[in-house]
J.: 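Handing you a structure now.
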Amino acid sequence: MKKTRAFLVIISAAVFISGTSALAEEFGGIEFPNGELSFADEVITYDPLYSGGPAPTTAENPQKALGTPDYSSSSDSYVTLGRGGLIELKFVDNFLINDGTQESDLHIFEIGPDVEDTFVAVRPTQETNALLAGEDYDSNDDGFYEIGKVSGSTSSIDIDAFFPGHTAGELVFDAVQLIDDYNEGNTSGATVGADIDAVGAIGSVRSCDYDLQGDINMDCKVDLSDFAIMAKNWLINCKQNPSDPACEPLD
């Protein structure tokens, strides 16, 4: 079963590499072949005191780092990490993959006037972890492989540069870890630390290739996670109240 799943991921990746998906959409001048599906979906951990702090006193909702980039100067649609703070975000309806080229595979949207450095790590699936066994990619044994640092603003990373010699889609990751550089940027203030608006997989393959009725988050199963999404939007009527944030116009 594991080999079959890995094979299907590689086949899906081949489709991704061979041509632009019908879902493709551009965000911040970067094309994401899987459109809105490309962005992180769940918060695993948020710890603004991970390295001792101080923590921010505003923009402390980690949920603001999920989904597509939506920052505007009049909104608080981002999360501040805190000095040396950590956030871990999971992909649910897609996986982050290597594209087998020197092009970028992962994109991090940071906002704010103080451009701050952030250490980046990615969590391999079980199959990818086995494939890369024997290499010391996880220096602190937390399950995430360190892949360098981005220098703030809108930053990209090429996964293949850190794991060379693998074909497109051979490496699959399901989560991203971001840690603010404790020794860089402001050391205090309401929004101390990197300000994260979104994290997106340019190298991306959908985690489910089935149209399952009721599978709202597209993780190939109908469970309480789908019910939670439905409950959150219960009784919202977009015809009566089209300005509701949950009412997104169709293209």
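We count residues from 1, following the sequence as given. For clarity, every value in this text was computed on a predicted model and none was experimentally measured.
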J.: Begin with the C-alpha distance, continue with both residues' side-chain angles, and end with the deciding distance and a verdict on side chain to side chain contact (heavy atoms under 4.5 Å, CB included) for Asn241 and Ile236.
T.: CA-CA 8 Å; Asn241 187 17; Ile236 291 176; over 6 Å; no

J.: Return the CD1 to CG distance between Ile97 and Asp174, rounded to the nearest 0.5 Å.
T.: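 So the CD1 of Ile97 and the CG of Asp174 are separated by 13.5 Å.
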
J.: For the atom pair CG (Asn94) and OG (Ser38), what is the distance rounded to the nearest 0.5 Å?
T.: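 That separation rounds to 6.0 Å.
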
J.: Looking at every non-hydrogen atom in both residues, tell me the closest pair between Arg83 and Ser51 and how far apart they are.
T.: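 Arg83 and Ser51 have their closest heavy atoms at O-CB, 4.4 Å.
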
J.: Between Thr101 and Asp99, is there a side-chain donor-acceptor contact under 3.5 Å, judged purely by atom types and distance?
T.: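 Yes, side-chain donor-acceptor contact under 3.5 Å.
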
J.: In Å, rounded to the nearest 0.5 Å, how long is the span from CG of Asp70 to OG1 of Thr68?
T.: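 Result: 5.5 Å between the selected atoms.
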
J.: Atom OG in Ser156, atom CD1 in Ile30: separation rounded to 0.5 Å?
T.: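 It is 5.0 Å, given to the nearest 0.5 Å.
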
J.: I'd like to know if Tyr182 and Ile179 are part of one continuous hydrophobic network [Ile/Leu/Val/Met/Phe/Trp/Tyr, side-chain heavy atoms within less than 4.5 Å].
T.: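 Per the 4.5 Å side-chain linkage, Ile179 and Tyr182 are not co-clustered.
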
J.: Is there side-chain contact between Glu116 and Asp180, with heavy atoms separated by less than 4.5 Å?
T.: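 Glu116 reaches Asp180 side chain to side chain.
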
J.: Using 30° and 60° as the class boundaries, would you call the ring planes of Tyr137 and Tyr145 parallel, tilted or perpendicular?
T.: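 Tyr137 vs Tyr145 ring planes: tilted.
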
J.: In terms of hydrophobic clustering (I, L, V, M, F, W, Y; side-chain heavy atoms under 4.5 Å; direct or indirect links), are Ile87 and Ile44 co-clustered?
T.: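 No, because Ile87 and Ile44 fall into different hydrophobic clusters, even though each may have its own neighbours under 4.5 Å.
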
J.: Any idea which heavy atoms bring Glu184 and Asp117 closest together, and the distance?
T.: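 Closest pair (atom of Glu184, atom of Asp117, distance): OE1-N, 2.6 Å.
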
J.: What heavy-atom pair brings Ala55 and Pro48 nearest, and what distance separates the two atoms?
T.: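 Scanning both residues, the minimum pair turns out to be CB-CB, 3.9 Å.
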
J.: I need the Thr118 OG1 to Gln177 CD distance, nearest 0.5 Å.
T.: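 The OG1 atom of Thr118 sits 11.5 Å away from the CD atom of Gln177.
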
J.: Will you find, in the side chains of Glu25 and Asn34, an N or O donor that is under 3.5 Å from an N or O acceptor?
T.: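 Glu25 vs Asn34: no donor-acceptor pair found between side chains.
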
J.: Report yes if some heavy atom in the side chain of Leu86 is under 4.5 Å from a heavy atom in the side chain of Tyr46; otherwise report no.
T.: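 Heavy-atom side-chain distance check fails, nothing below 4.5 Å.
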
J.: Look only at the side chain of Asp41 and the backbone of Val92, and say whether a donor-acceptor pair between them is shorter than 3.5 Å.
T.: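 Yes, the answer is positive, given that a donor and an acceptor are paired below the 3.5 Å cut-off.
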
J.: Can you find a pair of side-chain heavy atoms, one from Asp197 and one from Glu110, that are under 4.5 Å apart?
T.: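 Asp197 vs Glu110: side chains apart.
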
J.: Does either side chain, that of Asn98 or that of Asp105, offer a donor lying less than 3.5 Å from an acceptor on the other one?
T.: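 No donor-acceptor contact under 3.5 Å links the two side chains.
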
J.: Under 4.5 Å between any side-chain heavy atoms of Gln213 and Val222, yes or no?
T.: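 They are not in contact (no side-chain heavy atoms under 4.5 Å apart), so the answer is no.
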
J.: Please report the closest heavy-atom contact between Leu96 and Ala201, naming both atoms and the distance.
T.: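 Shortest heavy-atom separation between Leu96 and Ala201 comes out as CD1-CB, 3.7 Å.
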
J.: Take Glu42 and Phe91, measure what side chain to side chain contact (heavy atoms under 4.5 Å, CB included) needs, and give me the verdict at the end.
T.: CA-CA 7 Å; Glu42 290 183 3; Phe91 296 104; over 6 Å; no

J.: When you look at CD of Glu26, are more than 12 heavy atoms from neighbouring residues, nucleotides or ligands closer to it than 6.0 Å?
T.: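 Yes, because the 6.0 Å sphere around CD of Glu26 holds more than 12 heavy atoms from other groups.
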
J.: Counting C-beta onward and ignoring hydrogens, is there a side-chain heavy-atom pair between Ile196 and Phe109 closer than 4.5 Å?
T.: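 No, every pair of side-chain atoms sits at 4.5 Å or beyond.
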
J.: Quick check on the hydrophobic clustering: are Phe144 and Leu178 connected, directly or via other members, by side-chain heavy-atom contacts under 4.5 Å?
T.: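 Shared cluster, no.
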
J.: Between Asp158 and Ser104, do the side chains contain an N or O donor and an N or O acceptor separated by less than 3.5 Å?
T.: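 Short answer, no.
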
J.: Please report the shortest heavy-atom distance between Glu146 and Asp138, naming the atom on each side.
T.: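 Residues Glu146 and Asp138, closest heavy atoms: OE1-CA, 3.5 Å.
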
J.: Less than 4.5 Å apart, any side-chain heavy atom of Leu66 and any of Leu89?
T.: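 Yes, their side chains come closer than 4.5 Å.
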
J.: Side-chain heavy atoms nearer than 4.5 Å, only ILVMFWY residues, links allowed to pass through others: does that put Phe119 and Ile159 together?
T.: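 Not linked; separate clusters.
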
J.: How close do Ala198 and Phe39 get, heavy atom to heavy atom, and via which atoms?
T.: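 Result for this residue pair: CB-CD2, 4.1 Å.
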
J.: Does a side-chain heavy-atom distance below 4.5 Å link Thr187 with Val192?
T.: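 No, side chains not in contact.
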
J.: Give a yes or no on whether a salt bridge exists between Asp181 and Lys149, defined as a side-chain N under 4.0 angstrom from a carboxylate O.
T.: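 Yes, Asp181 and Lys149 are salt-bridged.
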
J.: Report the C-alpha separation of Phe163 and Phe173 in whole Å, then their side-chain angles, then the decisive distance to 0.1 Å, and conclude whether the ring pair (Phe, Tyr, Trp, His ring centres under 6.0 Å) test is met.
T.: CA-CA 12 Å; Phe163 313 107; Phe173 306 88; 5.7 Å; yes

J.: Would you compute the distance between atom CG of Leu132 and atom CG of Leu171 and round it to the nearest 0.5 angstrom?
T.: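 Answer rounded to 0.5 Å: 5.5 Å.
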
J.: Under a single-linkage definition using a 4.5 Å side-chain heavy-atom cutoff for Ile, Leu, Val, Met, Phe, Trp and Tyr, are Tyr50 and Val120 assigned to the same hydrophobic cluster?
T.: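 No; Val120 is not reachable from Tyr50 via cluster members.
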
J.: Less than 4.5 Å apart, side chain to side chain, heavy atoms only: is that true for Val176 and Glu88?
T.: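 A side-chain contact under 4.5 Å is absent here.
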
